[in-house]
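Okay, structure first, notes after.
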Amino acid sequence: MNKLVSFLAFLVFFSSCVSIKKYNVDIKATHPVKDLREDVEIAYGKLKKLHPKLYQFIAKEKLDFKFDSLKKTINKPLTSHEFFKKIAPVISEVRQGHISVFNPSKKYTKKEYRILRKKKFEFYELDFERVKDGFLVKRNGGLDSTLVGAEVLKINGEPIQKLVSDYQKLFSSDGYNHTFKERFVALRFSSFYFKDKGYLDSLSITFDQQDSVFTRMFHRIPKDSILKKFKKTDSLIDGENVKLTREQKKAKRKELKFKRKYNLNHGYIYSKKTYTRNFNYIGKDSSIAFIKIRNFNNGPYKKFYKETFENIKNSKIQNLVLDLRDNTGGRLDEIVSLYSYLTTDTNRFVEKAETKTRTPFNKAFMSKGKPLFVNIMAVLASPISIPVEWLKSNKKNGVINYKVSGSKKKRKINPLHYTGKIYVLINGNSFSASSILSTNLKATERAFFVGEETGGHYNGTVAGVQKYIVLPTSKVSFDFGLMQIETPYQKSKNGYGVLPDIEIIPTKKDRENNVDPELKWVLDHVEK
């Protein structure tokens with residue numbers, strides 16, 4: 001029996017290695033014109049079948065023409081990467097921000113991954129941001145913090161403007177606004193660069209900092225080298241182990257337990273060493289409550305919001321700043337919960353979602369490109385999940401509507417709701433769920449908005465759950481939302497985000513002077 005198990009394990013391992021090897025050969029090879037045109041047909045066919053708002057921002061005739069033209073331009077064999085660069089800009093013409101197209105990249109065996117994980121690429125420690133007049137380093141998770149605020153001019157000799165322009169063609173924003181494309185490239189620049197250039201051992205970046213132009217090399221280095229975390233020792237005992245008393249051990253366990261709970265409720269992001277949900281007091285005499293939410297999809301949230309607004313109520317705070325900048329979205333449940341603390345509005349938070357299928361979750365999980373175990377779990381759960389989804393949906397006048405969180409006609413008023421003044425900070429990366437929340441606050445005139453137009457659409461977004469597709473020949477993949485989610489509030493001017501009451505866009509000078517101009521405006525305004 002043991003020999004049989006070992007033999008089966010060997011077969012699985014061997015077939016996996018063969019599959020990975022074949023995949024890597026396939027994506028580097030050139031593919032026949034006929035097969036690539038068939039990939040185009042499959043991609044457009046899937047969108048037409050399942051995307052609920054495919055022609056919201058582009059006429060059907062125009063999109064048909066673009067896909068037909070794409071097929072005609074494929075007149076010679078192409079590699080997967082070359083095909084990706086052709087099809088991604090066409091799919092992005094749908095102008096729905098939740099559509100993402102992925103360039104197939106090399107796969108690694110478990111052994112190769114173990115080797116790779118022993119190293120860290122210094123370049124990936126950099127976070128970037130796009131300001132009004134430059135492309136800057138926002139954060140350096142490595143040891144050299146002096147690079148923060150430096151303007152990026154070139155990467156491996158290529159002008160940053162060219163790279164940004166090229167990458168902006170590969171993804172969509174919601175509708176016709178430009179703020180999401182301007183901001184999102186910087187927010188995910190390392191990912192865009194990797195998909196474009198593949199695995200690199202080193203690269204050079206040319207910076208401009210305080211009128212000084214210089215070039216710095218970034219390498220793939222061992223994790224246990226200079227980035228190793230050194231344990232602090234007590235100088236009085238020269239690092240010798242000290243036996244703790246029973247009371248000290250108990251206190252230490254209590255401290256660790258508290259820290260784990262705190263990290264969980266605040267959504268600690270280990271890779272960035274920061275929190276998803278933050279709350280503190282700022283301004284003169286700490287009289288302003290400040291809540292910064294980086295996204296709506298990390299860890300439990302109910303306890304954080306309850307404790308935060310209890311604190312605000314007990315402190316009798318009259319001014320609240322909600323920072324949604326660079327918040328690209330997340331769970332609908334979480335923004336419904338947060339909204340209940342900000343208003344006495346009991347109307348629907350969102351309408352029932354419009355979809356092309358009565359079983360969107362089942363459709364999303366059962367995808368050929370997903371891991372086998374995910375598809376197996378979806379099949380096993382289908383006898384329960386499918387009837388539940390049918391009960392949540394109904395078809396009226398040829399349109400399928402699906403119940404989602406916040407779509408009830410009436411909601412209860414939260415006893416901890418805040419009644420003071422609210423200022424919301426937004427920018428082009430305020431997308432998806434954060435934009436839906438902003439639409440409700442804006443439409444009900446509950447908050448004053450500072451910053452720039454949100455990247456998310458005022459009139460809703462196609463999200464909810466994502467369908468993942470892998471094209472058979474090129475192995476180019478893409479995903480897209482299956483539900484049109486919108487608030488009860490609509491604007492006649494379609495295709496734009498939530499507009500600020502005061503437009504403020506940061507500049508290089510602001511970053512040089514360590515100034516947050518949007519927040520500074522609020523603080524000055526409150527003080528006046």
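Note that this is a predicted model, so its numbers are computed, not measured.
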**OP:** Evaluate the side-chain contact (heavy atoms from CB on, under 4.5 Å) criterion for residues F84 and E82: first the C-alpha distance (whole Å), next the side-chain angles of each, then the deciding distance (0.1 Å), finally the verdict.
**Re:** CA-CA 5 Å; F84 163 76; E82 291 169 336; over 6 Å; no

Would you check if the side chain of [X] reaches a backbone N or O of [Y] as a donor-acceptor pair within less than 3.5 Å?
{"X": "T179", "Y": "E453", "value": "yes"}
{"X": "K467", "Y": "K46", "value": "no"}
{"X": "N140", "Y": "T146", "value": "no"}
{"X": "S92", "Y": "S172", "value": "no"}
{"X": "K223", "Y": "R117", "value": "yes"}
{"X": "T359", "Y": "N362", "value": "no"}
{"X": "K356", "Y": "L47", "value": "no"}
{"X": "S202", "Y": "H219", "value": "no"}
{"X": "N513", "Y": "V515", "value": "no"}
{"X": "S337", "Y": "D333", "value": "no"}

Subject >> Worked verdict on F304 versus Y301 for ring pair (Phe, Tyr, Trp, His ring centres under 6.0 Å) >> reply: CA-CA 5 Å; F304 171 83; Y301 55 86; 9.8 Å; no

If you measure from the Lys or Arg side-chain nitrogens to the Asp or Glu carboxylate oxygens, is any gap between [X] and [Y] under 4.0 Å?
{"X": "K197", "Y": "E158", "value": "yes"}
{"X": "K119", "Y": "D201", "value": "no"}
{"X": "D26", "Y": "K21", "value": "no"}

Less than 4.5 Å apart, any side-chain heavy atom of [X] and any of [Y]?
{"X": "E112", "Y": "T109", "result": "yes"}
{"X": "N177", "Y": "F180", "result": "yes"}
{"X": "R216", "Y": "D144", "result": "yes"}
{"X": "D127", "Y": "V137", "result": "no"}
{"X": "L322", "Y": "I293", "result": "yes"}

With under 30° as parallel and over 60° as perpendicular, where do the rings of [X] and [Y] fit, or are they tilted in between?
{"X": "F128", "Y": "F189", "result": "perpendicular"}
{"X": "F171", "Y": "F192", "result": "tilted"}
{"X": "F207", "Y": "F218", "result": "perpendicular"}
{"X": "F480", "Y": "F478", "result": "parallel"}
{"X": "Y270", "Y": "Y268", "result": "perpendicular"}

Original post:
Could you walk me through whether F290 and F279 pass the side-chain contact (heavy atoms from CB on, under 4.5 Å) check?
Top reply: CA-CA 6 Å; F290 180 80; F279 167 66; over 6 Å; no

**OP:** Verify salt bridge (Lys or Arg N to Asp or Glu O under 4.0 Å) between D196 and K85, making sure each step is shown before the conclusion.
**Re:** CA-CA 9 Å; D196 181 24; K85 286 199 166 184; 3.5 Å; yes

Original post:
For N327 and S430, does a side-chain donor sit closer than 3.5 Å to a side-chain acceptor?
Top reply: no

Original post:
If you measure only the distance, is there a donor-acceptor pair under 3.5 Å linking the side chains of T454 and S438?
Top reply: no

Subject >> Full working for ring pair (Phe, Tyr, Trp, His ring centres under 6.0 Å) between H31 and F83 >> reply: CA-CA 9 Å; H31 309 294; F83 177 72; 8.1 Å; no

Original post:
So which of K138, R294, R130, R183 actually passes salt bridge (Lys or Arg N to Asp or Glu O under 4.0 Å) with D326?
Top reply: K138

Which heavy atom of [X] sits nearest to which heavy atom of [Y], and what is that distance?
{"X": "R511", "Y": "D516", "result": "NH1-CA, 4.3 Å"}
{"X": "I335", "Y": "L437", "result": "O-CD1, 4.1 Å"}
{"X": "L264", "Y": "R277", "result": "O-NH2, 3.9 Å"}
{"X": "K195", "Y": "H81", "result": "O-CE1, 4.0 Å"}
{"X": "P104", "Y": "S474", "result": "CG-O, 3.7 Å"}
{"X": "V462", "Y": "Q96", "result": "CG2-OE1, 3.6 Å"}

Subject >> Name of the residue among D174, D479, T461 meeting side-chain hydrogen bond (donor to acceptor under 3.5 Å, both in side chains) with H98 >> reply: T461

**OP:** Please lay out, stage by stage, how E125 and R139 fare under the test salt bridge (Lys or Arg N to Asp or Glu O under 4.0 Å).
**Re:** CA-CA 8 Å; E125 294 294 312; R139 172 186 169 275; 5.3 Å; no

**OP:** For ring pair (Phe, Tyr, Trp, His ring centres under 6.0 Å), just list the numbers for Y193 and F123, CA-CA rounded to whole Å, side-chain angles, deciding distance to a tenth of an Å, and then say yes or no.
**Re:** CA-CA 10 Å; Y193 196 81; F123 173 63; 5.7 Å; yes

Original post:
Going through the checks in order, is the salt bridge (Lys or Arg N to Asp or Glu O under 4.0 Å) test met by D39 and K475?
Top reply: CA-CA 9 Å; D39 271 8; K475 301 299 185 288; over 6 Å; no

Subject >> Working for side chain to side chain donor-acceptor pair (under 3.5 Å), residues N263 and Y275 >> reply: CA-CA 8 Å; N263 287 350; Y275 292 97; 2.7 Å; yes

Original post:
Given H457 and F57, is the ring pair (Phe, Tyr, Trp, His ring centres under 6.0 Å) satisfied, shown in steps?
Top reply: CA-CA 11 Å; H457 189 205; F57 302 118; 5.1 Å; yes

**OP:** Begin from the C-alpha positions of I469 and L471 and carry the test side-chain contact (heavy atoms from CB on, under 4.5 Å) through to its verdict.
**Re:** CA-CA 6 Å; I469 306 292; L471 300 177; 4.3 Å; yes

**OP:** Supply the atom-to-atom distance K292 NZ to T276 OG1, rounded to the nearest 0.5 angstrom.
**Re:** 10.5 Å

**OP:** Just do the salt bridge (Lys or Arg N to Asp or Glu O under 4.0 Å) check on K48 and E41 with the steps written out, would you?
**Re:** CA-CA 10 Å; K48 287 190 285 188; E41 286 283 354; 5.9 Å; no

Within a radius of less than 6.0 Å around [atom1] of [X], do more than 12 heavy atoms belonging to other residues, nucleotides or ligands occur?
{"X": "N514", "atom1": "CG", "value": "no"}
{"X": "L256", "atom1": "CG", "value": "yes"}
{"X": "K272", "atom1": "NZ", "value": "yes"}

Original post:
Does NZ or CZ of R220 lie under 6.0 Å from the centre of the six-membered ring of Y199, at an angle within 45° of the ring axis?
Top reply: yes

**OP:** Carefully, step by step, assess K254 and K252 under the rule side-chain contact (heavy atoms from CB on, under 4.5 Å).
**Re:** CA-CA 5 Å; K254 189 175 180 181; K252 193 169 185 178; over 6 Å; no

